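One structure is given here, and the rest of the page talks about it.
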Amino acid sequence: MTPGSRKVAVVGVSLSDCGRVDDATPYALHAQAARRALADAGLGREVVDGFASAGLGTLAPVEVAEYLGLRPTWVDSTSVGGATWEVMAAHAADAIAAGHAKAVLLVYGSTARADIRAGRRTGNLSFGSRGPLQFEVPYGHTLIAKYAMAARRHMLEHGTTIEQLAEVAVQARANAALNPEAMFRDPITVDDVLSGPMIADPFTKLHCCIRSDGGAAVLLVAEELVRDCRTAPVWVLGAGEHVSHSAMSEWPDFTTGPAAVSGRLAFERAGVRPEEIDFAEIYDAFTYMTLVTLEDLGFCRKGEGGAFVEKGRLLVRGGELPVNTDGGGLSAQHPGMRGLFLLVEAVRQLRGEGGERQVRGPDGPGELPRLAVASATGGWFCSSGTLVLGRD
């Protein structure tokens with residue numbers, strides 16, 4: 001097979017223990033997720049010649065690879081916030097297609113929740129005050145304030161209501177109720193969201209992601225290895241990435257995120273249209289992220305996201321476009337850079353492993369979905385990575 005002509009498939013996905021994990025280190029969660037993903041694929045670690053990791057260690061991914069007993073000949077430590085994993089997956093797919101690697105393992109793990117409970121760290125409100133951020137931090141412009149300000153701009157320009165934003169959280173929780181691995185499963189209402197403690201106007205507590213522990217792993221391989229795997233392949237059909245700004249003053253339009261570019265590129269490269277997608281996994285650190293990314297990806301027109309999320313459109317059961325089928329970062333788990341969890345859930349759904357939350361395909365109740373999109377956002381809408389995935 002000529003390098004550059006290879007197709008690339010995801011053949012192994014897994015989560016580590018997630019939610020409340022008080023007795024493990026981040027390294028242990030990396031290892032647990034990696035072992036489970038390899039077992040899912042039915043492959044041994046000796047096949048892995050590519051490795052990608054970020055967020056842990058002084059020399060990530062060198063330290064994590066050593067901990068896992070890997071000696072890769074292709075590595076990636078791209079770090080662009082929550083979108084890191086979609087961007088890494090795109091890089092890995094390119095490397096495999098070019099013949100630079102045959103099997104790339106992406107791994108993440110974090111004990112963000114447990115560390116705070118044990119006093120090993122405190123909750124961070126910003127990413128620091130160096131570089132361009134020095135002009136914002138002195139004025140109290142925290143991470144969540146950036147998202148809140150962007151949401152307010154969308155409300156001002158397009159008439160989006162706080163009730164519509166709350167619907168995103170309500171439907172995410174309804175999907176989480178069908179997921180036995182989700183951290184929070186009890187139903188919530190729009191009134192529950194609106195009556196919660198204010199965090200950053202207009203966001204109350206339930207507009208914001210939960211804080212959990214957990215890890216995930218994804219194994220991508222060249223098509224010639226697919227026959228050796230125990231799972232059905234999920235193919236990487238197209239990918240896109242984009243960075244837009246660092247300082248908020250350099251963001252041209254608070255109502256348009258970088259997924260407007262990464263999504264367009266991913267769909268074009270996959271040769272599919274948004275209306276062909278069966279379900280979407282979208283980074284949801286805050287409710288506004290889901291709403292504006294739906295617009296950016298072309299599932300509705302700019303300014304119509306508020307109306308789109310009404311009437312249960314995001315639900316696994318009965319929704320026109322199921323979104324965050326595991327409950328997302330708002331209800332399932334969010335240990336930090338959550339982008340890898342989007343890929344795990346998308347692959348599980350395409351393989352028909354969703355259990356009670358299984359999405360059905362366009363041809364009827366007995367059919368599995370064929371196409372999915374996973375789109376993650378990093379920083380404060382600073383970066384985006386989008387992947388289109390499909391099954392045979």
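None of the values given here were measured: they were computed from a predicted structure.
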Let me see the working for Leu343 and Val10 under side chain to side chain contact (heavy atoms under 4.5 Å, CB included), right down to the final yes or no.
CA-CA 9 Å; Leu343 297 177; Val10 180; over 6 Å; no
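- Looking only at distances, no side-chain donor or acceptor of Asp76 sits under 3.5 Å from a matching main-chain atom of Ser53.
- Separation of the Phe286 and Phe203 ring centroids falls under the 6.0 Å cut-off.
- Proximity of a side-chain donor or acceptor of Ser110 to a complementary backbone N or O of Pro335 within less than 3.5 Å is detected.
- A distance of 5.5 Å separates NZ of Lys146 from CG of Leu133, quoted to the nearest 0.5 Å.
- In this structure, Arg273 contributes its side chain and Phe267 its backbone to no donor-acceptor pair below 3.5 Å.
- Residues Glu295 and His154 have side chains that bring a donor and an acceptor to within less than 3.5 angstrom of each other.
- Side chains of Gln349 and Glu353: a donor-acceptor N/O pair is absent below 3.5 angstrom, by distance only.
- Note on Lys311 versus Glu167: no salt bridge recorded, every NZ/NE/NH1/NH2 to OD/OE distance being 4.0 Å or above.
- If you check the side chains of Arg113 and Ser212, you find no donor sitting under 3.5 Å from an acceptor.
- The shortest distance between side-chain heavy atoms of Val226 and Val221 falls below 4.5 Å.
- The closest side-chain heavy-atom distance from Thr325 to Glu281 is below 4.5 Å.
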Quick one, Ile96 with Lys102, criterion side chain to side chain contact (heavy atoms under 4.5 Å, CB included). Give me CA distance, side-chain angles, the key distance, then yes/no.
CA-CA 5 Å; Ile96 293 170; Lys102 61 183 178 182; 5.9 Å; no
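- Taking the six-membered ring for Trp and the full ring otherwise, the centers of Phe51 and Trp74 sit at least 6.0 Å from each other.
- In this structure, the separation between OG on Ser195 and CG on Leu206 is 8.0 Å, given to the nearest 0.5 Å.
- The backbone N or O of His91 lies less than 3.5 Å from no partner atom in the side chain of Asp94, so there is not a single donor-acceptor pair.
- Hydrophobic cluster membership is shared by Leu143 and Met248, with clusters built from Ile, Leu, Val, Met, Phe, Trp and Tyr side chains linked at under 4.5 angstrom.
- Glu224 has a carboxylate O that lies under 4.0 Å from a charged side-chain N of Arg6, or vice versa, which qualifies the two as a salt bridge.
- Smallest separation of non-hydrogen atoms from Ala259 and Thr293: CB-CG2, 4.0 Å.
- When the side chains of ILVMFWY residues are joined at heavy-atom separations under 4.5 Å, either directly or via intervening members, Met289 and Val373 end up in a single hydrophobic cluster.
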Please test Gln171 against Val316 for side chain to side chain contact (heavy atoms under 4.5 Å, CB included), starting from the C-alpha separation and ending with a verdict.
CA-CA 9 Å; Gln171 293 175 61; Val316 169; over 6 Å; no
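- Under the 4.5 Å side-chain criterion, counting only non-hydrogen atoms from C-beta, Leu106 is in contact with Leu220.
- Ion pairing between a basic and an acidic side chain is recognised when a charged N comes within 4.0 Å of a carboxylate O; Arg338 and Asp326 show such pairing.
- Remark: side-chain polar atoms of Ser16 are paired, donor with acceptor, to backbone N or O of Gly215 under 3.5 angstrom.
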Report the C-alpha distance between Thr256 and Val292 in whole Å, list the side-chain angles of each, state the deciding distance to 0.1 Å, and finish with yes or no for side chain to side chain contact (heavy atoms under 4.5 Å, CB included).
CA-CA 7 Å; Thr256 299; Val292 77; 5.9 Å; no
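- Distance alone, capped at 3.5 Å, places no donor-acceptor pair between the Trp85 side chain and the Tyr108 backbone.
- Look at Asp296 and Lys302 and you find a salt bridge, because one of the NZ, NE, NH1 or NH2 atoms lies within 4.0 Å of a carboxylate O, short of that distance.
- Side-chain atoms of Arg391 come within 3.5 Å of backbone atoms of Leu368 as a donor-acceptor pair (strictly under, hydrogens ignored).
- Summarising the geometry of Asp213 relative to Ala114, their closest heavy-atom pair is OD1-N, 2.8 Å, with the distance given to 0.1 Å.
- More than 12 heavy-atom neighbours from other residues, nucleotides or ligands sit within 6.0 angstrom of CZ on Arg360.
- For the residue pair Ala33 and Ala216, the shortest heavy atom distance occurs at CB-C, 3.6 Å.
- Remark: the backbone N or O of Val309 is not paired with any side-chain donor or acceptor of Gln164 at under 3.5 angstrom.
- Between Asn179 atom CG and Asn324 atom CG the span is 11.5 Å, to the nearest 0.5 Å.
- Side-chain contact check for Ser383 and Glu241: no donor-acceptor pair (N or O, by modelled atom type) lies under 3.5 Å.
- In this structure, CZ on Arg20 lies 9.5 Å from CG on Asp22, to the nearest 0.5 angstrom.
- Residues Leu387 and Glu86 share a closest heavy-atom pair of CD1-O, 3.2 Å.
- Residues Leu165 and Met155 have side chains in contact (heavy-atom distance under 4.5 Å, counting atoms from C-beta outward).
- Inter-residue side-chain proximity for His334 and Phe341 is flagged as unmet; no heavy-atom pair is nearer than 4.5 Å.
- Formation of a donor-acceptor pair under 3.5 Å by the Arg357 side chain with backbone atoms of Ala176 is not found in this model.
- A 4.5 Å side-chain heavy-atom check between Val8 and Trp235 finds every atom pair outside the cut-off.
- One finds a salt bridge joining Arg230 and Asp40 here, because a Lys/Arg side-chain nitrogen approaches an Asp/Glu carboxylate oxygen to under 4.0 Å.
- Asp284 contributes a side-chain N or O that, together with a main-chain N or O of Gly329, makes up a donor-acceptor pair within less than 3.5 Å.
- Cluster membership check: Leu330 shares its hydrophobic cluster with Trp380, using side-chain heavy-atom separations under 4.5 Å among Ile, Leu, Val, Met, Phe, Trp and Tyr.
- No side-chain donor-acceptor contact under 3.5 Å links Glu304 and His158.
- Shown here for Asp278 and Pro362, the closest heavy-atom pair between the two residues is OD1-CD, 3.4 Å.
- No side-chain heavy atom of Cys18 sits under 4.5 Å from any side-chain heavy atom of Glu181.
- The CZ atom of Phe299 lies 7.5 Å from the CZ atom of Phe308; values are rounded to the nearest 0.5 Å.
- Within a 6.0 Å sphere centred on CZ of Arg301, heavy atoms belonging to other residues, nucleotides or ligands number 12 at most.
- Val261 and Ile282 fall into different hydrophobic clusters, defined by Ile, Leu, Val, Met, Phe, Trp and Tyr side-chain heavy atoms under 4.5 Å apart, directly or through other members.
- Here the straight-line distance linking atom OH of Tyr288 with atom OG1 of Thr255 works out to 5.5 Å at 0.5 Å rounding.
- Taking a cutoff of 4.0 Å between a charged side-chain nitrogen and a carboxylate oxygen, Arg317 and Glu356 qualify as a salt bridge.
- In this structure, Phe254 and Arg152 have side chains that are not in contact, with every pair of non-hydrogen atoms separated by 4.5 Å or more.
- Linking Ile, Leu, Val, Met, Phe, Trp and Tyr residues whenever their side-chain heavy atoms come within less than 4.5 Å leaves Leu315 and Leu178 in two separate clusters.
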Run Thr111 and Asp115 through side-chain hydrogen bond (donor to acceptor under 3.5 Å, both in side chains) and show every step you take.
CA-CA 6 Å; Thr111 52; Asp115 289 346; 3.1 Å; yes
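- Ring pair Tyr283/Phe381: centre-to-centre distance not below 6.0 Å.
- Heavy-atom minimum distance, Val218 versus Val13: CG2-CG1, 4.1 Å.
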